[in-house]
Amino acid sequence: MTEETRLPARRRFLTFAAALPAAFGLSAGAAGADEPQIPTAADMEGPFYIRNVPVATNLNRFGKPGEAMRIAGEVMNAAAPDQPVPGARVEIWQTDGTGRYHPEKNGDYGDFADGDIDMRGTVIADAEGRFSVMSLFPKEYWPRPPHIHYWIRAEGFRPLVTQHYLDTRPRDRPHRTAQVIRSQNPALFPAPTIYLQPL
C-alpha cells in the first residue's frame, strides 16, 4: 500500500478535487484530520451588501448578460478540518457580466422591490458542508479583479465576511483564488474551501 492510499478517503478527494470535474474546492495546504486549519481570512465587506436576501438556486434571476458559471464550494470546521458545517448560511453577491451590482446600494432586502435584487442570494450548505449555485462570471472593474463576496453564518462559529478571486489574481491570496473550469458547460468555479472558526 502506498503512502497515498493510506490517506483518509476525504483527504485524497480534497487533494485532487481541483483537477476533477466534480470539484467542490480545495484550500492550499489541506490539513490532516486531526490538525487544525487556519480559518479562512476575512476580507472587506465590499460595496452594496443587502441583508436578508432569500435562498436562491440561481443568482442571475433576471437574465443579466455574461458567461454562465456554477459556483461550488464547501464550509468546514477549522478546528477539525474533516468536519463539515452543515446548514451554514452562505450569502453571496457579485457583479454581472458588465461589472455592475444590482442594486448599487446597501440595505435590507425589504427596502427594495424584488425586481431590483439580482446577482445575489443565500445558499444553505448541505449535510457535507457543500453548497452550489448558478451564477455568471463576474466582470472585473477597476481596480478590482473578478471576485465574489460572501457572508457566512453558522451556529457555534464566528461569522465571516470574505471574498474569493477568480483565476490567478491577486497572486498574494492563493488560498482564496481558484481557476474557472471552462471545459464544463456551464463553466465551474470550484470555490476554495471556507474554514470557519468555532466560538
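Quick caveat, the model's predicted, so the values are computed rather than measured. If you read the sequence from its start, that first residue is 1, and numbering goes on from there.
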Counterpart residues, side chain to side chain donor-acceptor pair (under 3.5 Å), relative to [X] (two or more places apart):
X	answer
Thr40	none
Asn52	Asp108
His164	Tyr150

Report task. Step through the shown structure and confirm whether more than 12 heavy atoms of other residues, nucleotides or ligands are within 6.0 Å of CD on Glu104. Result -> yes
Requested in this report: Only pairs at least two apart or in different chains count here, so list each salt bridge (charged side-chain N to carboxylate O under 4.0 Å, His left out) that has a residue in residues 187-199.
Outcome: none
Flag, side chain of [X] to backbone of [Y], donor-acceptor distance under 3.5 Å:
X	Y	result
Trp93	Pro47	yes
Asn60	Met119	no
Glu128	Glu74	no

Distance in Å, [X] [atom1] paired with [Y] [atom2], rounded so as to fall on 0.5 Å steps:
X	Y	atom1	atom2	value
Asp114	Arg61	CG	CZ	4.0 Å
Asp96	Leu59	CG	CG	12.0 Å
Tyr109	Glu91	OH	CD	13.0 Å
Ile148	Met69	CD1	CE	4.0 Å
Gln163	Arg144	CD	CZ	4.5 Å
His147	His149	NE2	NE2	3.0 Å

Requested in this report: May I ask you to list the residues sharing a hydrophobic cluster with Phe62, side-chain cutoff 4.5 Å, ordered by chain and number?
Outcome: none
Query - Carboxylate-amine/guanidinium contact Asp43 Arg176, below 4.0 Å - result: yes
Query - Non-hydrogen side-chain atoms of Thr98 and Lys139 separated by less than 4.5 Å - result: no
Requested in this report: Report yes if the side chains of Val75 and Phe131 come closer than 4.5 Å at any heavy-atom pair, otherwise no.
Outcome: yes
Query raised in the report: Under a single-linkage definition using a 4.5 Å side-chain heavy-atom cutoff for Ile, Leu, Val, Met, Phe, Trp and Tyr, are Val123 and Phe137 assigned to the same hydrophobic cluster?
Result: yes
Report task. Just grab all the side-chain hydrogen bond (donor to acceptor under 3.5 Å, both in side chains) pairs involving residues 115-127, residues at least two apart or on different chains. Result -> Lys64-Asp118
